[in-house]
Amino acid sequence: MGARSGAAYLDGLHDNRQVWIDGDRVADVTSDSRLGRGVRSIAALYDLQLDPRRVDRMTYASPTSGERVGLSHIQPRSVDDLIRRRNMVKVWAEWSAGMLGRSPDFLNTLVMGCAANAHYFAGNKAEFGQNIQRYYELVRENDLCLTHTLVAPQVNRSVHPDAQAGGEVALRVVDETDTGLVFTGARILATLAPASDELFVAPAPSRSYSGVGNPHAFAFAIPVATPGLRMICRESFDIGRTSFDHPLGSRFEEMDCTAVFDRVLVPWERVFLYGDQEYCAALFRATNTFTHSIHQFLTKNWAKAEFVLGVASLMAEAIGIAERLHVQRLLGEILQACLTLRAFIRAAEADAVCGPGDVWAPDFETLVTARSYFPEVYPRLVEILQILGSSGLANIPSLASVESPALMADIEMFFQGATIGGKERIRLFRLAWDIACSSFGGRQVLYERYFAGDFYRNVAAHYVNHNKEPYRRLVQDFLNREPSSLLD
Ligand SMILES: Cc1cc2nc3c(=O)[nH]c(=O)nc-3n(C[C@H](O)[C@H](O)[C@H](O)COP(=O)(O)OP(=O)(O)OC[C@H]3O[C@@H](n4cnc5c(N)ncnc54)[C@H](O)[C@@H]3O)c2cc1C
């Protein structure tokens, strides 16, 4: 099949999936008023990769079928391939202003990273190595869209996931049969699940579950439409408003879901890890699997920061504050965030290494550092929009008012800016509001803080696992040096 069109992708979502929102079981996720526009934005990404002007930049020839397949599936064989992949990711991220955290390239790179480390899965059981390789090829050749879930529901973080609510909460194996494993329990937080073909379930990088033969130690993937699997959505932030009123919420609702498993059968050929908690706990530590998806989402973050910079600088001009020193200082802070992200990405590519299976991966240390940078910086970028926008972010009548004949003169007189008319100023400030103040914007901040795991524990784990010896030796050498030797 190869790289899919938007229409082919939407067609694939007409299955018997169980997606629940506001108490309703959704009949058709592609047309549902709360989900459909977000789903169709994903379809637009698929169309974009086939656009004749972009197809060379967005796809490559499959090594098995020869068909054009999406570049986010590529197993990079050089630094140039990493850069090609990043350029492709940037096109999708710019199209969505960086607001689709879970565009399909995110999990495409992760699954590819797993397949590049197939030996690791084979170490748990020989068949698992083959399973992950075949799964990667299935995803690549059919251009499938994936969601994933790594974490047990919150319930009570002071007890082990196995023990929550008497062991009834966490996803676990309840039966082992000739055909596969049977799962019951729940996982969070499957973003994009209603719009995904497949659900990838893996252990959380930052959490390890103890106990050999643990029923919580597994990795697998199944279709979202698998019997017994239901997705429970939060309320939608697409409330049916125009793209003038909610420029982001009306387009990029990617939805977060709790995945509930009710005796779900996972065939053996879809199992990638099982039964050995050490293999599960170390997956993201002992392999460079995750490195590839950090490379993807850093590129998305870069595009997002650049978009915020564009909005902030237009706002500053629109209300005549762009020449003020403290405003330039704030705008400069956003600019430096953009350039820092670019520097992280380029440094990681420059220091890339050839890993297992001759697949090149960007530098791990650089990317792990960058992963912890954005959760701190993005809330600040949003804060800067609030500081610059001030009342302008609240004084934003809706399109109905803007187009009301009775108000048109008022809109043009009292809502005009220094450089633009009333309607255009409201349009711009509504966009800033959707980044900085709306429920859509609030969820984006939460997403950036947490989507790649608990920021605090990530930074702490990075420090704990990093080799501190060279730095300590520097200090020891300094302390042991005789003062006179400094003059030698
Ligand atoms: C918008 C959004 C989308 C997401 N999408 C996905 C997705 O698609 N797939 C997916 O798998 N996950 C997703 N996540 C979940 C994400 O992986 C988790 O939010 C993240 O791992 C943190 O876990 P938690 O939310 O359960 O927080 P908790 O672990 O419950 O932490 C809550 C607070 O308690 C503190 N805390 C809890 N336990 C400890 C401890 N042992 N030691 C120290 N401090 C502790 C934390 O530091 C934090 O401040 C998403 C999250 C968000 C917010």
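Atoms within each ligand, like the ligands themselves, are counted from 1 in listed order. Bear in mind the structure is a predicted one, so any value in this text is a computation, not a measurement.
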For ligand 1, which atoms, with element, lie under 4.0 Å from some heavy atom of Gly453? 20 (C), 21 (O)

Regarding Lys125 and the six-membered ring of Tyr279, is the cationic atom NZ or CZ under 6.0 Å from the ring centre and inside 45° of its axis? no

List in chain and number order the residues that pass ring pair (Phe, Tyr, Trp, His ring centres under 6.0 Å) with Trp20, two or more places apart in sequence or in another chain; answer none if no residue qualifies. none

Test salt bridge (Lys or Arg N to Asp or Glu O under 4.0 Å) on Glu333 and Arg380 and set out the steps. CA-CA 9 Å; Glu333 209 178 316; Arg380 173 66 180 155; 2.6 Å; yes

Look at atom CD of Glu365 and say whether more than 12 heavy atoms of other residues, nucleotides or ligands are closer to it than 6.0 Å. yes

Which of these, Asn458, Asn156, Thr191, has its nearest heavy atom closest to atom 5 (N) of ligand 1? Thr191

Should the proximity of Arg187 to ligand 1, defined as any heavy atom under 4.0 Å, be assigned to the side chain, the backbone, both, or neither? neither

Within less than 4.0 angstrom of ligand 1, does Arg449 place any heavy atom? no

Just to be sure I'm reading this right: ignoring hydrogens, which of Tyr450, Tyr456, Phe455, Tyr447 gets closest to atom 33 (C) of ligand 1? Compare them by their nearest heavy atoms. Tyr450

Closest candidate by heavy atom, reference atom 26 (O) of ligand 1, pool Gln154, Arg157, His148: Arg157

List in chain and number order the residues that pass side chain to side chain donor-acceptor pair (under 3.5 Å) with Thr369, two or more places apart in sequence or in another chain; answer none if no residue qualifies. none

In the structure I gave you, are the side-chain heavy atoms of Asp238 and Leu35 within less than 4.5 Å of one another anywhere? no

Side chain, backbone, both or neither: which part of Leu189 has a heavy atom under 4.0 Å from ligand 1? both

Among Arg34, Arg443, Arg234, which one satisfies salt bridge (Lys or Arg N to Asp or Glu O under 4.0 Å) with Glu253? Arg234

Relative to the heavy atoms of Leu446, which atoms of ligand 1 are at a distance of less than 4.0 Å? 53 (C)

Heavy-atom proximity to atom 17 (O) of ligand 1, picking from Val151, Thr149, Leu199, Val201, points to Val151

